[in-house]
Amino acid sequence: MCSEQLRSTLVYEKIASYFQRMEFLNSPDIQEIFSNNSLGQDVPAMPMFVYKSRHDEASPTVDSDNLVSWYCREGARIHYRMQTQESHRSLALTGILQDLAWSKERFNGLVMPEGCQNSIHSFASTDFDALAFLGETAVGAIERQLGVDLPSLII
């Protein structure tokens, strides 16, 4: 099953409904997988752009703050952008635009300074020109995943 089929078929399903018991999540093998794939084990060597909603209802802001702080203490180069008026869901959609704009600057040769930068903004950037950086194929894939026509959102 491809991701498009999974999204359309399982989008509102609760994964727990497919299991009689969830205790398997506590097994040593599964816990090892979780542990090996958790953030904060290694310091990123490449510059990072991290954006977060101060009022994130799905992921505690303090967890992101602590992770970014640890990365910064260990020498990572991070631009941490806190959005004060966005929800988790709205920032998931608008955050990609600011991420693309930041990534485009890096690919165009703009070097991120050493250390970490923190910034606070009310809303995410809505620089829709950043989508062009992805190219038509990637934009089409995003449109299919979101089920929207991005150019119509711009107008």
Side-chain angles (χ1 to χ4, degrees), residues 1-13 15 30-155:
M1 188 177 280
C2 72
S3 61
E4 181 68 24
Q5 291 168 318
L6 284 170
R7 185 182 66 79
S8 64
T9 305
L10 303 174
V11 69
Y12 297 110
E13 296 289 327
I15 191 71
I30 298 296
Q31 288 300 308
E32 182 180 2
I33 291 169
F34 287 158
S35 177
N36 290 340
N37 289 283
S38 64
L39 294 172
Q41 297 183 53
D42 297 304
V43 178
M46 60 184 275
M48 291 180 61
F49 179 75
V50 178
Y51 54 91
K52 182 71 177 176
S53 169
R54 180 166 308 217
H55 305 290
D56 194 316
E57 68 281 8
S59 168
T61 302
V62 68
D63 292 346
S64 299
D65 290 346
N66 290 340
L67 179 64
V68 169
S69 292
W70 181 77
Y71 283 160
C72 290
R73 281 193 310 275
E74 297 298 317
R77 289 186 294 163
I78 298 177
H79 181 170
Y80 188 31
R81 183 176 169 129
M82 181 64 66
Q83 307 297 145
T84 62
Q85 302 299 316
E86 301 270 5
S87 68
H88 182 86
R89 178 175 267 178
S90 67
L91 191 55
L93 294 172
T94 60
I96 192 170
L97 297 174
Q98 61 190 5
D99 184 38
L100 289 171
W102 184 90
S103 297
K104 183 178 178 182
E105 289 175 349
R106 304 291 85 70
F107 281 105
N108 285 340
L110 183 61
V111 177
M112 185 174 161
E114 294 295 322
C116 292
Q117 305 167 2
N118 294 308
S119 60
I120 299 174
H121 303 270
S122 295
F123 293 97
S125 166
T126 52
D127 177 10
F128 289 101
D129 291 337
L131 287 173
F133 176 63
L134 287 177
E136 290 180 26
T137 303
V139 170
I142 292 169
E143 288 176 331
R144 286 188 302 281
Q145 288 299 314
L146 297 176
V148 299
D149 177 27
L150 291 173
S152 69
L153 292 177
I154 298 169
I155 299 172

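V111 meets the side-chain contact (heavy atoms from CB on, under 4.5 Å) test with R77; sequence neighbours excluded. Looking at residues two or more places apart in sequence or on another chain, you find a side-chain contact (heavy atoms from CB on, under 4.5 Å) between H55 and S53. Contacts of S69 classified as side-chain contact (heavy atoms from CB on, under 4.5 Å), with partners at least two apart in sequence or in another chain: R73. Partners of A58 according to the side-chain contact (heavy atoms from CB on, under 4.5 Å) rule, which considers only residues two or more places apart in sequence or in another chain, are D56, H88.
Annotation: disulfide bond (SG atoms under 2.5 Å apart) contacts involving residues 85-115, sequence neighbours excluded, are absent. Pairs passing the disulfide bond (SG atoms under 2.5 Å apart) check and including a residue from residues 31-61, sequence neighbours excluded, do not occur.
The distance from the CE atom of M48 to the OH atom of Y71 is 5.5 Å, given to the nearest 0.5 Å. Remark: S35 OG to I30 CD1 distance equals 12.5 Å, nearest 0.5 Å. One distance of note links OG of S103 with CZ of F49; it measures 8.5 Å at 0.5 Å rounding. Separating the CG atom in N36 from the OG atom in S38 is a distance of 8.0 Å, to the nearest 0.5 Å. In this structure, the separation between CD1 on I78 and CE on M46 is 11.0 Å, given to the nearest 0.5 Å.
Using a 4.5 Å heavy-atom threshold, the side chains of R54 and I120 count as touching. Residues H121 and Q98 fail the side-chain proximity criterion, which asks for heavy atoms closer than 4.5 Å. By the 4.5 Å heavy-atom criterion applied to side chains, W70 and N66 are not counted as neighbours.
Of all non-hydrogen atoms in A76 and P44, the two that sit nearest each other are CB-O, 4.1 Å. A pairwise comparison of heavy atoms in E74 and V43 identifies CB-CG2, 3.3 Å as the closest pair. Among all heavy-atom pairs drawn from L91 and K52, the shortest one is CD2-C, 3.4 Å.
With hydrogens and angles disregarded, a donor-acceptor distance shorter than 3.5 Å links the side chain of N37 to the backbone of I33. The backbone N or O of M112 sits nowhere less than 3.5 Å from a side-chain atom of E105 that would complete a donor-acceptor pair.
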Show your working on side chain to side chain contact (heavy atoms under 4.5 Å, CB included) between S64 and M82 and close with a plain yes or no. CA-CA 10 Å; S64 299; M82 181 64 66; over 6 Å; no
